[in-house]
Protein chains: 2
Amino acid sequence: MKPRSTLAAQAHRLAVTRASGSASAGLHAMVLNQIGLSIVQGELAPGDPLPNADDWSAAYGVSRTVLREVIKVLAGKGLIESRTKTGMRVRPRSNWNFLDPDVLAWRYSARVSEADVRELFELRRAIEPMAGALAAERATPDQIAQLEAVLVEMEGVADDGERFAEPDLVFHQMILRMTGNELIGSLAALIETALLMSFRLSNDNPHGHRHSMPLHRDVAGSISGRDATGARQALLALLDQAEEDVRRAIAARSRIQE
Amino acid sequence: MKPRSTLAAQAHRLAVTRASGSASAGLHAMVLNQIGLSIVQGELAPGDPLPNADDWSAAYGVSRTVLREVIKVLAGKGLIESRTKTGMRVRPRSNWNFLDPDVLAWRYSARVSEADVRELFELRRAIEPMAGALAAERATPDQIAQLEAVLVEMEGVADDGERFAEPDLVFHQMILRMTGNELIGSLAALIETALLMSFRLSNDNPHGHRHSMPLHRDVAGSISGRDATGARQALLALLDQAEEDVRRAIAARSRIQE
DNA sequence: ATAAAAGCTATTATATGAATAATATGAAGA
DNA sequence: TCTTCATATTATTCATATAATAGCTTTTAT
């Protein structure tokens, strides 16, 4: 028996996405997002047998070529496996590559729970203070100048919830890059996801982000002054504040929904 | 002008791989590994224009279908971008997802430098002690029993360089899992890569791994005893020792090659 | 002479049909 | 009861055709 209603729902959602023309995406990217979201957000559970290639591509109104490429990409991120005769299946969560930028985005693009926030900040707390300390030791004068410039930019838009997001993101990612460690640099997607989520949650708050500027200044100051432990502590404090903000926003959200 | 010699070299290597039948791989996986390695190990540099789809698939002796799927997977890992008319290009390293299991494996599968080791252990040092602390707080009795069992298994094969690798890997990955944090769990691939590299480097050393057992016992003991700070310190010590071992092995290797 | 616009062309993107290979399942036999 | 074997199902691969797009060239208008 085939899950016809689910397929129909997926096809419909695709039609909507396609019509809205959200991304500059081609068919491939669109279908990839659809299926990726379906899996990561739990609509398709681990172990679930997926429709066979023909039916599935038909349901999305795309060719097998496109679906197949999507399948392979998802398999490359650990979400799916495809074996002859058995068909395609969603792999257990322990095989998913949660640090993949796409998977992160799919997971945190909607309905985040308190547990999701906890996971995110647990990891950030392990990474960013350490990265700050390394940055303080290794950053080139040029990089430090750039960081200061971004800080100034943040000051300029600290009261504008919309425009603050970008320089804030650049600020945090720059610190990761300044470690000179490419593995750490690849965690930029993690920070991006966290900040996007945070800004999405707090966009009802019209009070801007000025309250976080002092701590950002501390971070930049410590790095400029080559103070590794200072940078570590400043980033810890910044993360404490950020997590507190997010938790408040979630609490407010759930209070509204009641 | 097309890089004919490079293509020929790639095709030849594929033939070798195919003949040796290394992985359980299909064509797709084989070509994926070939091209992934070529890129990550620097044979194809960022910004390099890649051959067009027809020539390239011909060079590997596979259909365009297979090559296209490979391209899409690599694009999903950030290594490549493909635009119509412009063709395919290797993306700058800053876009690569170094934490992807495949990319990690490609990068550390050969000729590791001291810098590579530093990067790996910098990140492990940030993650594993923290994970150990969380594990000490959160692990279920069942999980702790499993960890102890793995420890016993390690004891049993501590003098066998070959057989020690697997339980050691399980030991470290289990700690990540016991945090209950899926983002941290996805770093299992990082630890796997590090350990495989470490074992590969030290396989001339016939003296086994018994010297690391006391520290492993400390780790397990701290977690069993719900001692978070103890677990953190024990893991730090363990990492110090492991990094020291690797550095010694690299030094020995380069001394031999001179 | 310069700049904008139209058209050409190479290249990827998408689609489709057909052939091949692998394997889980069940039937047949020891 | 176990093993062997055939078969149907499914993914995998291949070959080919059409569409879309972006860079380049030519044209054209000012």
Side-chain angles (χ1 to χ4, degrees), chain A residues 1-3 7 11 14-15 17-19 21-35 39 44 47-76 78-91, chain B residues 1-3 7 11 14-15 17-19 21-35 44 47-76 79-91:
Chain A
M1 192 178 84
K2 287 166 194 164
L7 289 182
L14 175 59
T17 305
R18 199 199 294 239
S22 58
S24 66
L27 274 183
H28 172 81
M30 227 152 29
V31 176
L32 180 67
N33 279 316
Q34 295 296 327
I35 299 182
I39 294 173
L44 300 170
D48 275 4
L50 302 172
N52 76 30
D54 283 325
D55 295 347
W56 214 6
S57 57
Y60 280 109
V62 300
S63 71
R64 285 172 310 149
T65 308
V66 169
L67 183 72
R68 207 145 203 322
E69 288 166 0
V70 168
I71 296 303
K72 279 280 161 46
V73 171
L74 290 172
L79 300 185
I80 279 183
E81 73 184 342
S82 165
R83 288 188 356 226
T84 309
K85 177 70 179 178
T86 305
M88 298 176 272
R89 293 177 163 277
V90 179
R91 294 224 283 167
Chain B
M1 195 177 83
K2 286 165 195 163
L7 288 182
L14 175 59
T17 306
R18 197 198 296 237
S22 58
S24 66
L27 273 184
H28 170 81
M30 226 151 31
V31 176
L32 179 67
N33 279 316
Q34 294 297 327
I35 298 182
L44 300 170
D48 275 4
L50 303 172
N52 75 33
D54 282 321
D55 295 348
W56 214 8
S57 56
Y60 280 109
V62 299
S63 71
R64 285 199 337 211
T65 308
V66 171
L67 184 71
R68 288 197 96 287
E69 287 167 2
V70 169
I71 295 303
K72 281 280 162 48
V73 172
L74 290 172
L79 301 184
I80 280 183
E81 72 184 343
S82 168
R83 296 195 340 235
T84 93
K85 176 64 184 178
T86 304
M88 298 177 270
R89 293 178 163 277
V90 179
R91 294 225 283 167

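These numbers come from the heavy atoms of this one structure, side chains and all, not from hydrogens, waters or symmetry mates. Lettering follows sequence order; numbering is per chain, from 1.
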Between [options], which nucleotide gets closest to the side-chain atoms of [X]?
X: Ala53(B); options: dT13(D), dT12(C), dT10(D); value: dT12(C)
X: Thr84(A); options: dT11(C), dT14(C), dA11(D); value: dA11(D)
X: Arg64(A); options: dA17(D), dG17(C), dT13(D); value: dG17(C)
X: Lys72(A); options: dA11(D), dT14(C), dT13(D); value: dT13(D)
X: Ser63(A); options: dA15(C), dC14(D), dT12(C); value: dA15(C)

How many Å lie between [atom1] on [X] and [atom2] on [N], as a whole number?
X: His28(B); N: dC14(D); atom1: NE2; atom2: C1'; result: 16 Å
X: Arg89(B); N: dT11(C); atom1: CZ; atom2: P; result: 13 Å
X: Asp54(B); N: dT11(C); atom1: CG; atom2: P; result: 9 Å
X: Met88(A); N: dA22(C); atom1: CE; atom2: P; result: 19 Å
X: Met30(A); N: dA13(C); atom1: CE; atom2: P; result: 14 Å
X: Ile71(B); N: dT14(C); atom1: CD1; atom2: P; result: 14 Å
X: Leu27(A); N: dT12(C); atom1: CG; atom2: C1'; result: 14 Å
X: Arg68(B); N: dT12(C); atom1: CZ; atom2: C1'; result: 7 Å

Review point. Is a side-chain donor or acceptor of Arg89(A) paired with a backbone partner of Glu81(A) at a separation under 3.5 angstrom?
Key: no
Considering only heavy atoms from C-beta outward, does the side chain of [X] approach that of [Y] to under 4.5 Å?
X: Glu69(B); Y: Arg68(A); answer: yes
X: Val66(A); Y: Tyr60(A); answer: no
X: His28(B); Y: Val73(B); answer: yes
X: Leu79(A); Y: Val90(A); answer: no

Exercise for review: Using the closest heavy atom to pick a nucleotide of DNA chain C for each, name whichever of Lys85(B) or Lys85(A) lands nearer the 5' end.
Suggested key: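 Upstream on the strand: Lys85(B).
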Revision key, fill the gap. Residue pair Glu69(B)/Gly87(A) against DNA chain D: nearer the 5' end by closest nucleotide is Gly87(A)
Review point. Given that Thr86(B) and Thr65(A) both sit by DNA chain D, which one's nearest nucleotide is further toward the 5' end?
Key: Thr65(A)
**Study point:** Phosphate OP1/OP2 of dA24(C) contacted by Arg83(A) side-chain N/O (<4.0 Å)
**Key:**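 The answer is yes; a side-chain N or O of Arg83(A) sits under 4.0 Å from OP1 or OP2.
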Review point. Base, sugar-phosphate alone, or nothing: which one does Ser82(B) contact when heavy atoms must sit under 4.0 Å apart?
Key: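 Sugar-phosphate: the residue Ser82(B), judged by heavy atoms under 4.0 Å, touches backbone atoms but no base.
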